[in-house]
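Every chain is numbered from 1 and lettered A, B, ... according to where its sequence line falls, protein lines coming before strand lines.
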Number of protein chains: 2
Amino acid sequence: MFKDTRQKEVILRILKSTNMHPTADWVYSEARKEISNISLGTVYRNLKVLCISGEILELDICGSSSRFDGNPGSHYHFRCETCGRIFDVDEPVNRALDVKVARKTGFEVLYHRIEFRGLCTECKE
Amino acid sequence: MFKDTRQKEVILRILKSTNMHPTADWVYSEARKEISNISLGTVYRNLKVLCISGEILELDICGSSSRFDGNPGSHYHFRCETCGRIFDVDEPVNRALDVKVARKTGFEVLYHRIEFRGLCTECKE
DNA sequence: TTAGGTGCAAAACCTTTGCCATCCC
DNA sequence: GGGATGGCAAAGGTTTTGCACCTAA
């Protein structure tokens, strides 16, 4: 169904090569270094397709714009309230919590996301 | 510093009287029932001020638009992936997690947010 | 009196979409 | 060939902002 194109390959590679959870616009400017006339619409379309196929993750971290994560495995995030950067948190995902909440609410709980907030090493000084 | 106005009072009352975590636009349409010529800009400005003063909470639940919570106390949320509704989850906030992550990362962790995802009672049938 | 708030409308921003050319299978 | 994708630009939706006029303190 989905075809492989140079644009998609470049976008995926850019995303996999960083852990900075970039915005679509940042991906766009990086991609232009390789494909000078790639369009922003194409970046958005491919980011969407890559999310659907599970190769990347769209983060539910509000702020002005969506951010994407080249690492689609389940993990938690930390956001610095001063510089706005987002870091991965190496803490095991607590699946028992989902079960507990499911029991309590009667909902079907598939997964959860955690975002820690505070100040990163650089900003807390 | 912040003044009390009828607009702000109405917006806060609307938000406190529901647990549906509405968007700015929904608050706007409710507010118009009381102040027919209130402007959307005023709603946005007051929502921001109320967040700053801690009387309400802006949720970090992406989707097309921000959502607001009249209950600013720390609590978790559940979002139904089918109908999109957001529910409060009555589960104690785990402050020990913040300490653990702080120790592991070296960051100053102030708090965290959890969003559970799945299907609500109505949608899972 | 006056800093801060309001209404209105325009602007800013991010994201999506329509159209047609192009590419992949 | 034919459906999927790309580039471009225009449209769409949400949020912010400039400005002149009010209003709470």
Subject >> Ionic contact status for K48(A) with E58(A), cut-off 4.0 Å >> reply: no
Polar-atom pairs under 3.5 Å, protein N or O versus N or O of nucleotides 7-11 of chain D: list them with distances, or write none.
| residue | atom | partner | partner atom | Å |
| --- | --- | --- | --- | --- |
| dG7(D) | OP1 | Q7(A) | NE2 | 3.2 |
| dG7(D) | OP2 | S39(A) | N | 3.3 |
| dG7(D) | OP2 | T42(A) | OG1 | 2.7 |
| dG7(D) | N7 | R45(A) | NH2 | 3.0 |
| dC8(D) | OP2 | N37(A) | O | 3.2 |

**OP:** Considering only NZ, NE, NH1 and NH2 on the basic side and carboxylate oxygens on the acidic side, decide whether E115(B) and R117(B) come within less than 4.0 Å.
**Re:** yes
Original post:
Can you find a side chain N or O atom of K8(B) that sits less than 4.0 Å from OP1 or OP2 on dG4(C)?
Top reply: no
**OP:** Using the side chain to side chain donor-acceptor pair (under 3.5 Å) rule, pick out the option among R13(B), Q7(B), R6(B) that qualifies with E34(B).
**Re:** R13(B)
Subject >> E122(A), CD: over 12 other non-hydrogen atoms inside 6.0 angstrom >> reply: no
Subject >> More than 12 heavy atoms from other groups under 6.0 Å of NZ on K100(A) >> reply: no
**OP:** Mind calculating the distance between CG (D25(A)) and P (dC13(C)) to the nearest angstrom?
**Re:** 11 Å
Subject >> Nearest-angstrom distance from the residue atom NZ of K48(A) to P of dA4(D) >> reply: 17 Å
Subject >> By side chain to side chain donor-acceptor pair (under 3.5 Å) - contacts of S53(B) (at least two apart) >> reply: E55(B)
Original post:
In the hydrophobic clustering (ILVMFWY, side-chain contacts below 4.5 Å, transitive), which residues join L110(B), or is it alone?
Top reply: Y111(B)
Original post:
Between Y44(A) and dT15(C), does any side-chain N or O lie under 4.0 Å from OP1 or OP2?
Top reply: yes
**OP:** Of all the heavy-atom pairs spanning I14(B) and W26(B), show the shortest one and how long it is.
**Re:** CG2-CZ3, 3.8 Å
Subject >> Residues that, via side-chain heavy atoms closer than 4.5 angstrom, fall in one hydrophobic cluster with V109(A) >> reply: Y76(A), F78(A), F87(A), V89(A), V93(A), L97(A), V101(A), F107(A), I114(A), F116(A), Y76(B), F78(B), F87(B), V89(B), V93(B), L97(B), V101(B), F107(B), V109(B), I114(B), F116(B)
Subject >> Length of the line joining E34(B):CD and dG7(C):P, which is rounded to integer Å >> reply: 13 Å
Original post:
Between L47(A) and A24(A), which heavy-atom pair has the shortest distance, and what is it?
Top reply: CD1-CB, 3.7 Å
**OP:** Going 5' to 3' through nucleotides 20-25 of chain D, assign each nucleotide B (protein heavy atom under 4.0 Å from a base atom), S (under 4.0 Å only from sugar-phosphate atoms) or - (no protein heavy atom that close).
**Re:** ---BBS
**OP:** Could you label the plane-to-plane angle of the H77(A) and H21(A) rings as parallel, tilted or perpendicular, counting under 30° as parallel and over 60° as perpendicular?
**Re:** perpendicular
**OP:** Would you classify N46(B) as touching base, sugar-phosphate or nothing, given that sugar-phosphate means primed atoms plus P, OP1 and OP2, and contacts are heavy atoms under 4.0 Å?
**Re:** sugar-phosphate
Subject >> Nucleotide dT14(D), atom C1' - distance to CH2 of W26(B) in whole Å >> reply: 18 Å
Original post:
Could you give the angle between the helix axes at the two ends of the helix from dT1(C)-dA25(D) to dC25(C)-dG1(D), with five pairs per end, rounded to 10 degrees?
Top reply: 40°
**OP:** Starting from P on dG12(D), measure out to CG on L40(A) and report it in whole angstrom.
**Re:** 18 Å
**OP:** Check the distance between dT5(D)'s P and E9(A)'s CD and give it to me in whole angstrom.
**Re:** 15 Å
